[in-house]
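Below, read A as the first sequence line, B as the second, and so on, with proteins coming before strands; counting in each chain starts at 1. For clarity, every value in this text was computed on a predicted model and none was experimentally measured.
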Amino acid sequence: MTRIPPGTALAILLLVGAAPPSDAKPRDAAHAITSQLICPCSCGEVLSGCTCETGKTMQGYVENAIKQGKGKDQIVGALVARYGEVIRGAPKPEGFNLVVWIAPFAATLAGFAIAFLVLRRWVKRRAALPSSLGTLAADRGGLSPGRTLEADLDGLRARAEAELRRMRE
Amino acid sequence: MSELGRLALLLGFICSVFAVGSIAWGLRTGYSGPLRSGRRAVWTVCGLALLAVILLERALLARDMSYRYVAEHTSKDLPLHYAFTSLWAGQEGSLLLWLLILSAYGSAFLFAYRKRLDPFYDAVAMVIAAVMIFFTGLLTFVSSPFRILATPPPDGMGLNPLLQDPGMMIHPPVLYTGYVGFVVPFAFAMAVLLLNRSGTRWIEEVRRWTLFCWGFLGVGILLGARWAYIELGWGGYWGWDPVENASLMPWLVGTGFLHSVMIEQRRGMLKTWNIALIALTFELSIFGTFLTRSGVLTSVHSFAESDIGPWFLSFILISGTAATALILYRKALLESENRMEAMISREGSFLFNNVLFVALTFATFLGTTFPVVSEAVTGTKISVSAPFFNRVNVPIALALLLLTGAGPVLSWKRATASVLKRNFILPMFMGTVAAVVALPFGADGVYTLVCIFGAAFVVTTIVMEFARGIQARRSGETAALPAQVVHLVKKNKRRYGGYIVHTGIVVLFVGVLGSSVFQKEAHAPLKTGDALRIGPYTLTLRGVTERQKQNATLTTAILGVERGSKFVGTEHASKALYSKSQQPMTEVALHSTPAEDLYMILGGVNEDGSASIQAYINPLVSLVWGGGLIMVLGTLIALSDRMRIRREERAGL
C-alpha cells in the first residue's frame, strides 16, 4: 500500500482549504456583498463593519440595490466602475493579481517539497553512516561524536570562565 | 531644555559609535580595556535615552507649545494621563521610546552577563550598539523630538482621538518591548557568526531571550486587538490591517524559531535555518516599524507618517545583506552534526511546522505589500484586505493547528507504528466526535469543521501528555490530581509550559471561530421607546443625551437590554466629537458574558431625532482574550525554567 507522507497530506488539506470558504455564511445578502468591499473613503475599513459616514451611505446603497432586485455581480460591478478596483477587499484573480493568489500556496507546496526532499536525504545519509560511527555514538550515550565535541567545548568554556572569575576574585 | 535633549541624543549617537568601534578593537586585539569601555558606552546610551525621554515628558506634561512635537500631539484640554502617553503618539516620540527600550535591552543584557568574561558577550553588545547607532542617528539628524517652533501656537493640535483610550496607554510600550527585544537574539546570532563560535550553549540563552520578547509581542498584539475591538467600533478585533500584519509577522517567525531551536538543542541540526529565522524575525520587526512610520500603506493603527521610510528600508537592506553574507561566509560552522533517523518523527513535524509558519508569514507579507507592488506594475490601485487574508491565511493557520497536536506526541528520532497508533487514535476519534456534535449547531463549513476537529484533537493530545506524565510519576503518590498536575509542570516547566501555550492557542482559535462564523448583526434607527431585537436580546432606546467632556462632546444612546424577558442592564453607546479634530469617535457599549458579547454602537443621531443603533452578538469572544491569558501563563512557566541551564553549567564545571 502506498503511504502518504505527512507533508503531502497537509498540502492536500491546504488545497482543499484554498477553495472559497463555504462556511462564510453571510447574515444576509447585503452583508455578503459589503463584507467583500472596502469603504471608499480613507478609513480603509471593510465596508460591512465601517461606521464612518461614507461607509453607512454605501451600506445603504447596497441594501437599496438588493431591494431593487439587483444581483451581487451587478452591484459590485457598478461600485467598481464608480470607485475603481480599490473598492474590492480582495483583488480579482486575474492578470498580475494572480500572483498574490497563487504565490502563497505555491510557496507552501514548494516549502513542503523542499522539506520532504531534505528529510529524505538526511534519512538516507543516516542509513548510509558506517556502523563504526554508530557504535561510537552509542558508546557516548546515544550522542553523535560531533555533539559530544560541542558539549565538550561548552564545558571547557564554562570552566575557563569560572577559573578566570576565581582569579579575579 | 530642548538643547539638553538634543545634546543627549547626539551624545547617545557618539557613544553608540564609540561602543561599536571600541568593542571591535578590543575583539581584534584581545585587550580588555576597549571591551570594558565599549560596555560602559552602552550603559551610557541607556542613561542618555532615559534623560531624553524625561525631558520630552516634562515638555508634554507642561504642554510647552514651543516644542513642535508637543504642539502637534497635545492640547491644553488634553487629560494629563494622555499627555504623558503622547510620547508614543507621534513618530519622533515613538522612535525615542524605541531607543529607550533598545538601550534598556542592551544594558539588561550586559547586567545579565556581567560575570561572563568571554568576549563573545562583548560581540553581542557590539551588535546591539550597532543597531543603536541607527536609532540615535535617526533621532539626532533626521527626526528629532526636540525641534523648537519659531512662533509657538497658543494651543496644540490635540491628540488623535483614537489614541485617547486606556488601551493605548499600555499597548504600544508592550508591543515595542516585544518588537525591540528581538535585537538580542539577532545580536547573539551575529556574534556567533562574527566570532566563528561553535557550541550550543548560546542557543539556550537565545531561546530564553526570544521567548521573553515573543511573549511581550504576543501580549502587545492581543492588547492591540482589544483596543481595536473597543475603540474602532466595527464589531471585530482583527481586520488584517497592514500594521496588525506587521506585528504578526515577527511573532509568527519567532514562533517557528522557538520550535526549530529545540531540534538544534537536542540534535545539533538546522543551525543555518535557525540563524536565518532569528535574522528574519529581527528584520521583520524593523519592517513593522517601517510600515507604521513610512506612510507607504494606509492603516487604522498608523498615527505617524513621514519621510523616514527610506532610512528604515536602507537599514533593513544593509542589516539583511550583512546577516545573509555572514551566514553564507560561515556556512561550514553551521553544518548539521546529525542526520534524521526517520521522516515521521518530532523533528520532521517541526520542520513542516516551520514551513507553515514561514508560509503564513510570506502570505501575510505578500498580501500586505501587494497593493504597492501592483500599483507600481499595473498602475491600478487595489486593496488586499480581510476578504483576501481570510481565504489565504486561514487554511494555512488551520494546518498549523493540526500540527500543534501532532508534533508533541511524535517521538524524537523515530515514531514507530505502535507509537502512532497509541498517540493518534484517541485524538482523531475525539476530533471527529467534536466535529459531528458541532454539525447540528450550524458548523457545516470546511473551515469550521476542520477548526473544531483540530481543537478537539490538540486538546486531547495535550490531556494525554499530562496523563502520561502523571502516570509515569505516580508510583506511591497519593496527592490529589491538581497537585499532581502542578508537580508535573514544576518538574519540566519548559515542556509543560509549551503545552499550556498550545492550550491557549486552541482556546483562541475556538474564540475566533465562534466570534466570526457565528456572529449576528442587526441595525435600525430607533426613536425613544423603540426596540431592536438581535438573537435573544431586545434593546430598547430609553433616550439620547448630550454632555460635554473635558475635550469632547459626548452624544449617548441609553439602551435598556433584556435577554428573553429578563432585564440585564442599561448600556450607554456613545459618539464623541473631539473639539480639536472635530472627528467623531465611537464609544462602544459592551455587555459581556463568558458565552458571548453584546456589542452596541451608536452610529449617529438622524435628522428626525432617531438614533442609528447597530448591534452585534459575538459568541465566545471571551475565549480570544482567555486564550491569550493562558498563552501568557504558559510562556511565564516556560521562561521560569532555569534548571536546565544550571544543570548544564554544573556539568560544564
Legend entry - Residue list, salt bridge (Lys or Arg N to Asp or Glu O under 4.0 Å) with B:Glu231, at least two apart or on another chain: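 B:Glu231: no salt bridge (Lys or Arg N to Asp or Glu O under 4.0 Å) contacts found.
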Inset, instruction - Please identify each residue that fulfils salt bridge (Lys or Arg N to Asp or Glu O under 4.0 Å) with B:Glu375, with sequence neighbours left out. - result: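 B:Glu375: salt bridge (Lys or Arg N to Asp or Glu O under 4.0 Å) contacts with B:Lys381.
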Legend entry - Any B:Asp241 side-chain heavy atom under 4.5 Å of A:Glu45 side chain: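 Sidechains of A:Glu45 and B:Asp241: no contact.
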Distance in Å, [X] [atom1] paired with [Y] [atom2], rounded so as to fall on 0.5 Å steps:
X	Y	atom1	atom2	answer
B:Ser385	A:Leu37	OG	CG	10.5 Å
B:Gln614	A:Gln59	CD	CD	6.0 Å
B:Ile382	A:Glu85	CD1	CD	8.5 Å

Inset, instruction - Pull out the residues in residues 65-84 of chain A that come under 4.5 Å of chain B, heavy atom to heavy atom, sorted by number. - result: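 Residues qualifying by a heavy atom under 4.5 Å from chain B are absent, so none.
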Legend entry - residues 91-102 of chain A: residues contacting chain B (heavy atom under 4.5 Å, by number):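 Within residues 91-102 of chain A, the residues that come under 4.5 Å of chain B (heavy atoms only) are A:Pro91, A:Phe96, A:Asn97, A:Val99, A:Val100, A:Trp101.
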Legend entry - Proximal component of B:Thr586, with respect to chain A [non-hydrogen, under 4.5 Å]: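 Contact with chain A: side chain only.
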Inset, instruction - Measure distances from B:Val384 to the heavy atoms of chain A and classify the residue's part below 4.5 Å as side chain, backbone, both or neither. - result: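 The answer is both parts of B:Val384.
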Inset, instruction - Go through the steps to decide whether B:Trp240 and A:Val46 satisfy the test side chain to side chain contact (heavy atoms under 4.5 Å, CB included), and finish with yes or no. - result: CA-CA 10 Å; B:Trp240 294 104; A:Val46 173; over 6 Å; no
Minimum heavy-atom separation for [X] and [Y], please, with both atom names.
X	Y	answer
B:Leu351	A:Ala115	CD2-O, 4.0 Å
B:Tyr616	A:Gly49	OH-CA, 3.9 Å
A:Phe112	B:Phe352	CD2-CD2, 3.1 Å
B:Pro387	A:Gly89	CG-CA, 3.8 Å

Legend entry - Between B:Pro584, B:Ser383, B:Gly239, B:Gly233, the one whose heavy-atom pairs under 4.5 Å with chain A are most numerous: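 Result: the option with the highest number of such pairs is B:Ser383.
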